[in-house]
Amino acid sequence: MSWMSVIIFSIVSAVLTAVFLIVPIFKGTSFIRVGETFEAWIFFAVIIMSNCKKPLESAEKTFVFFLISQPLIYLMQVPFSQLGWGIFGYYRYWFYWTLATFPMAFIGWYIKKKNWLSLVILSPVIIYLTAVAYASVRDCIERFPHMLAMAIFCTLQIICYIIAFLPDLKTRLVGFVIPFAVTAVLIITSDSVSFTASEILPDDPSFSSEAAISVEDESVVNVQLEDPERGTVYINAQKYGTTDFIITDGENEYVYTIEIYKENGVSAAKITAAE
């Protein structure tokens with residue numbers, strides 16, 4: 001893959017992601033997760049790595065791909081976001097992962113060797129994609145067809161990686177055992193959930209565009225200010241439980257408690273103002 005192809009690829013990926021994040025119709029769908037989680041970006045990285053001739057080339061081009069695409073996504077959201085330039089506060093998370101892509105893509109290039117090392121390198125990816133597919137299927141069962149596209153996308157990635165990068169029947173069989181084993185463990189032990197929604201905060205508060213939000217336990221749920229003026233938040237829950245979040249607006253602080261729970265087989269969220 002040439003450098004020009006990498007640059008064009010990064011720009012196109014950023015534009016599509018920004019569209020999914022900006023256009024309201026995509027809220028709460030599988031498509032908006034392109035701007036929130038790793039599934040699509042793993043796929044993009046594998047495309048780059050598998051089309052490089054050397055591990056260093058893989059590391060450099062994957063790093064540049066993320067270095068261009070991620071800030072560009074936030075830049076295109078600025079005119080449409082209530083936070084304005086403040087939306088770049090969320091870029092820090094992706095910047096750390098951008099730095100990590102250099103060593104990860106250097107090592108990841110060795111999947112092209114198509115041996116047992118390929119299986120070792122792919123195993124964490126397969127485990128992660130299986131966990132996302134499992135959560136998406138659970139969410140789809142609760143609110144069909146919600147997250148159906150994500151479940152299919154992750155499953156197809158797993159199948160393609162095993163067939164494309166594992167050399168023979170023996171390693172492929174081991175590769176296919178991994179997602180089945182992970183699924184079995186999740187069925188037995190997991191209380192994870194994939195639940196997204198837009199909620200209006202209690203008492204209909206209104207905040208300025210400079211308001212910031214922090215969540216006490218992000219392993220339970222991620223909360224973002226969707227529309228500060230209307231007091232609307234966008235929640236993305238990873239498991240059932242309860243945690244607090246604080247909205248800071250100038251010298252004022254507003255504390256809320258959010259509970260993610262299941263009722264009659266359907267995931268739901270309840271937000272209350274702390275007393």
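- With rounding to the nearest 0.5 Å, the separation of OG1 in T257 from CD in E216 is 8.5 Å.
- With hydrophobic clusters built from ILVMFWY side chains whose heavy atoms lie under 4.5 angstrom apart, I126 does not share a cluster with V120.
- Other residues, nucleotides and ligands place no more than 12 heavy atoms under 6.0 Å from the CG atom of D203.
- Here the shortest heavy-atom pairing between M1 and S5 reads CG-CB, 3.7 Å.
- In this structure the side chain of T196 reaches within 4.5 angstrom of the side chain of H146, judged on heavy atoms.
- When all heavy atoms of S69 and S10 are compared, the closest pair comes out as CB-O, 3.5 Å.
- The aromatic rings of F9 and F65 are tilted relative to each other, their planes meeting at an angle between 30° and 60°.
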What's the verdict on side-chain contact (heavy atoms from CB on, under 4.5 Å) for T62 and F106, showing C-alpha distance, side-chain angles and the deciding distance? CA-CA 9 Å; T62 304; F106 188 97; over 6 Å; no
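- Residues W94 and F38 place their aromatic rings such that the two centres sit under 6.0 Å apart.
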Trace of the side-chain contact (heavy atoms from CB on, under 4.5 Å) decision for T130 with T183: CA-CA 7 Å; T130 301; T183 302; 3.4 Å; yes
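- Residues I260 and K239 fail the side-chain proximity criterion, which asks for heavy atoms closer than 4.5 Å.
- Contact of the S118 side chain with the Y110 side chain is not registered, since no non-hydrogen atoms from C-beta on lie closer than 4.5 Å.
- Sorted by first and then second residue, the ring pair (Phe, Tyr, Trp, His ring centres under 6.0 Å) pairs involving residues 196-232 (not counting sequence neighbours) are F207-Y254.
- For the pair V223/I271, no side-chain contact is recorded, criterion being any heavy-atom separation below 4.5 Å from C-beta on.
- Remark: K61 is positioned above the aromatic ring of W3, its terminal NZ or CZ atom under 6.0 angstrom from the ring centre and at most 45 degrees off the axis.
- Taken together through direct or relayed side-chain contacts under 4.5 Å among Ile, Leu, Val, Met, Phe, Trp and Tyr, I107 and F63 form part of one hydrophobic cluster.
- Minimum heavy-atom separation, I11 to L72: CA-CD2, 4.1 Å.
- With rounding to the nearest 0.5 angstrom, the OG atom of S198 is 8.5 Å from the CD1 atom of I235.
- A donor-acceptor pair is defined here as one N or O able to donate and one able to accept, closer than 3.5 Å; no such pair exists between the side chain of N236 and the backbone of N222.
- I42 CD1 to I47 CD1: the interatomic distance, rounded to the nearest 0.5 Å, is 12.5 Å.
- The aromatic rings of Y93 and W97 sit perpendicular, their planes meeting at an angle over 60°, well past the 30° parallel limit.
- Hydrophobic clustering (ILVMFWY, side-chain heavy atoms < 4.5 Å, transitive): V132 and F180 are in distinct clusters.
- Rounded to the nearest 0.5 Å, atoms CG (L119) and CZ (R172) are 12.0 Å apart.
- Between the CE atom in M49 and the CD atom in E57 there is a gap of 12.5 Å [rounded to 0.5 Å].
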When you look at E199 and Y234, which way does the side-chain contact (heavy atoms from CB on, under 4.5 Å) test go after all the steps? CA-CA 6 Å; E199 299 283 345; Y234 177 73; over 6 Å; no
For residues 151-161, which side-chain N or O atoms pair as donor and acceptor with protein atoms under 3.5 Å away, sequence neighbours left out?
{"from": "T155", "atom 1": "OG1", "to": "A151", "atom 2": "O", "distance (Å)": "2.8"}
{"from": "Q157", "atom 1": "OE1", "to": "Y161", "atom 2": "OH", "distance (Å)": "2.5"}
{"from": "Q157", "atom 1": "NE2", "to": "E39", "atom 2": "O", "distance (Å)": "3.2"}

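- Taking 4.0 Å as the cut-off between side-chain N and carboxylate O, K27 and E226 count as a salt-bridged pair.
- The aromatic rings of F20 and F31 sit tilted, their planes meeting at an angle between 30° and 60°.
- Both L166 and L117 are part of a single hydrophobic cluster, where members link through side-chain heavy atoms under 4.5 Å apart.
- F26 and V19 get closest at one heavy-atom pair: CD1-O, 3.9 Å.
- A distance-only check finds a donor-acceptor pair linking the side chain of T243 to the backbone of D217 [under 3.5 Å].
- Proximity of a side-chain donor or acceptor of W109 to a complementary backbone N or O of C52 within less than 3.5 Å is detected.
- In this structure the side chain of I246 never reaches within 4.5 angstrom of the side chain of I213, judged on heavy atoms.
- Using a 4.5 Å cut-off on side-chain heavy atoms (C-beta onward), F165 and L122 make contact.
- Note that CE of M147 is 10.0 Å distant from SG of C140, once rounded to the nearest 0.5 Å.
- Residues T37 and Y128 have side chains in contact (heavy-atom distance under 4.5 Å, counting atoms from C-beta outward).
- Annotation: side chain of I127 is in contact with side chain of I178 (closest heavy-atom distance under 4.5 Å).
- Remark: K112 NZ is packed, more than 12 non-hydrogen atoms of other residues, nucleotides or ligands lying under 6.0 Å away.
- Ring-centre distance between W41 and F44: below the 6.0 Å cut-off.
- Residues L21 and I32 share a closest heavy-atom pair of CD2-CG1, 3.6 Å.
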Would V233 and Q224 count as a side-chain contact (heavy atoms from CB on, under 4.5 Å) if you check the C-alpha gap in whole Å, the side-chain angles of each, and the deciding distance to 0.1 Å? CA-CA 6 Å; V233 294; Q224 299 178 17; over 6 Å; no
May I have the step-by-step check of side chain to side chain donor-acceptor pair (under 3.5 Å) for T101 and T98, ending in yes or no? CA-CA 5 Å; T101 60; T98 297; 5.7 Å; no
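- In the hydrophobic clustering of ILVMFWY residues, with side-chain heavy atoms under 4.5 Å counting as a link, I200 and I247 come out apart.
- Considering all non-hydrogen atoms of both residues, E259 and T242 come closest at CG-OG1, 3.5 Å.
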